[in-house]
Visitor: 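The structure's right below; bear with me while I get my questions together.
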Amino acid sequence: MAAEQPTATVPGDQTRIHNIGYRNYDGPRLGRAYARRSLYSQSLRGAYGLGRSAKSKVLPMLLFVVMCLPAAIMVAVAVATKANDLPLDYTRYAIVLQAVISLYVASQAPQSVSRDLRFKTVPLYFSRPIETADYVRAKYAALSSALFILTAAPLLVLYVGALLAKLDFADQTKGFAQGLVSVALLSLLFAGLGLVVASVTPRRGFGIAAVIAVLTITYGAVSTLQAIADVQGSSGAVAWIGLFSPITLIDGVQSAFLGATSAFPGGVGPSNGEGLVFVLVTLGLIAGTYGLLMRRYKKVGL
């Protein structure tokens, strides 16, 4: 019996077409606005650990409680002693608890952007209809909103407590409104600075250390120089030195235009003319940090 001879095969005969089930998407195209809102919502929830592991919720929730606890204690004291005013002005609350705010920014700004850099997911965002401006605006707005919640919640506790203590409604409402304006400006400034610093490195630990350094070392250096200038009788230089720290910038703006008591040495804040410079520098920093973020992510997205 003759052996069966193998038949020669042409390379083209090995070609096969397989139907692996891909189908076109027939649903609605929601576009950039929906993507931007989704990224904002996800980033805002992430700033408080929502939708993440239980461990991720501990620090932001703890800092939120630490921010609100002194306000609750002040309200309790005011109600119990039937005080004629709150122990601390609305505009002074964030200044006194600035260390807690700085720690929150340092922990959440890297969480918002550093992970995207580390896992190289930013180009994936930009492969969809979302653009650089959408990503930056969503991240900036989310962290600013998270900071505003952190800083405005204790003011709301103070305001409600003041009304329960039957303090003057007009005075408390005015002070509460001034406090909200102050913390809104602070939230925009701190969020911008935190995101710019955190976007430089994909490593979260380095980002946390860098943000803490920017927010705390500048304040310590400025406060020291202001104290030295005050002791030496150079009171005119005290206000101008305050331009070089984020928290003293906010202090200068609110003491010049919101009727707040300044934390500068001697309790004397900038005049209205000097306060205008503080406002321009603050707004310039906010716009500058936004511009730096845009430039940074245009390069990352390439």
Visitor: Is the side chain of Asp134 donor-acceptor paired with the backbone N or O of Glu131 at a distance under 3.5 Å, no angle test?
Guide: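 Flag set: sc Asp134 to bb Glu131 pair under 3.5 Å.
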
Visitor: Given the rule that I, L, V, M, F, W and Y join up when any side-chain heavy atoms are under 4.5 Å apart, are Val58 and Val66 in one cluster?
Guide: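 Hydrophobic grouping puts Val58 apart from Val66.
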
Visitor: For a side-chain hydrogen bond (donor to acceptor under 3.5 Å, both in side chains) check, start with the C-alpha distance between Ser182 and Gln254, then their side-chain angles and the critical distance, and finish with the verdict.
Guide: CA-CA 6 Å; Ser182 175; Gln254 65 181 20; 2.4 Å; yes

Visitor: Please check this pair: side chain of Arg204 against backbone of Pro110, looking for a donor-acceptor N/O pair closer than 3.5 Å.
Guide: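 Checked: no pair found.
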
Visitor: Are Leu156 and Val77 joined in one hydrophobic group, where the rule is that I, L, V, M, F, W and Y side chains link up if heavy atoms are under 4.5 Å apart?
Guide: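 Leu156 and Val77: separate clusters.
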
Visitor: Please check if atom CZ in Arg52 has more than 12 non-hydrogen atoms from other residues, nucleotides or ligands closer than 6.0 Å.
Guide: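 More than 12 heavy atoms, drawn from other residues, nucleotides or ligands, come within 6.0 Å of this atom.
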
Visitor: Do Leu150 and Phe148 share a hydrophobic cluster, counting only Ile, Leu, Val, Met, Phe, Trp and Tyr and linking them when any side-chain heavy atoms are less than 4.5 Å apart?
Guide: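 Same hydrophobic cluster.
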
Visitor: Using side-chain contact (heavy atoms from CB on, under 4.5 Å) as the criterion, point out the one residue from Ile149, Val100, Val157, Leu62 that pairs with Met67.
Guide: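 Going through Ile149, Val100, Val157, Leu62 one by one, the side-chain contact (heavy atoms from CB on, under 4.5 Å) with Met67 is satisfied by Val100 alone.
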
Visitor: Does the ring center of Tyr48 lie less than 6.0 Å from the ring center of Tyr104?
Guide: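 Judged by ring-centre distance (under 6.0 Å), Tyr48 and Tyr104 do meet the cut-off.
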
Visitor: Quick one: do Ser43 and Lys139 satisfy side-chain hydrogen bond (donor to acceptor under 3.5 Å, both in side chains)? Show the steps, please.
Guide: CA-CA 7 Å; Ser43 301; Lys139 292 292 184 178; 3.1 Å; yes

Visitor: Looking at Arg37, is its backbone amide N or carbonyl O close enough to the side chain of Ser41 to form a donor-acceptor pair, meaning the two atoms are under 3.5 Å apart?
Guide: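 Judged by distance alone, no pair lies under 3.5 Å.
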
Visitor: Ignoring hydrogens and angles, tell me if any N or O in the side chain of Lys57 forms a donor-acceptor pair with the backbone of Leu50 under 3.5 Å.
Guide: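 Between the backbone of Leu50 and the side chain of Lys57 there is no qualifying donor-acceptor contact (under 3.5 Å).
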
Visitor: Verify whether one side chain among Tyr40 and Arg137 offers a donor that lies under 3.5 Å from an acceptor in the other.
Guide: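 Not at all, the side chains of Tyr40 and Arg137 share no donor-acceptor pair under 3.5 Å.
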
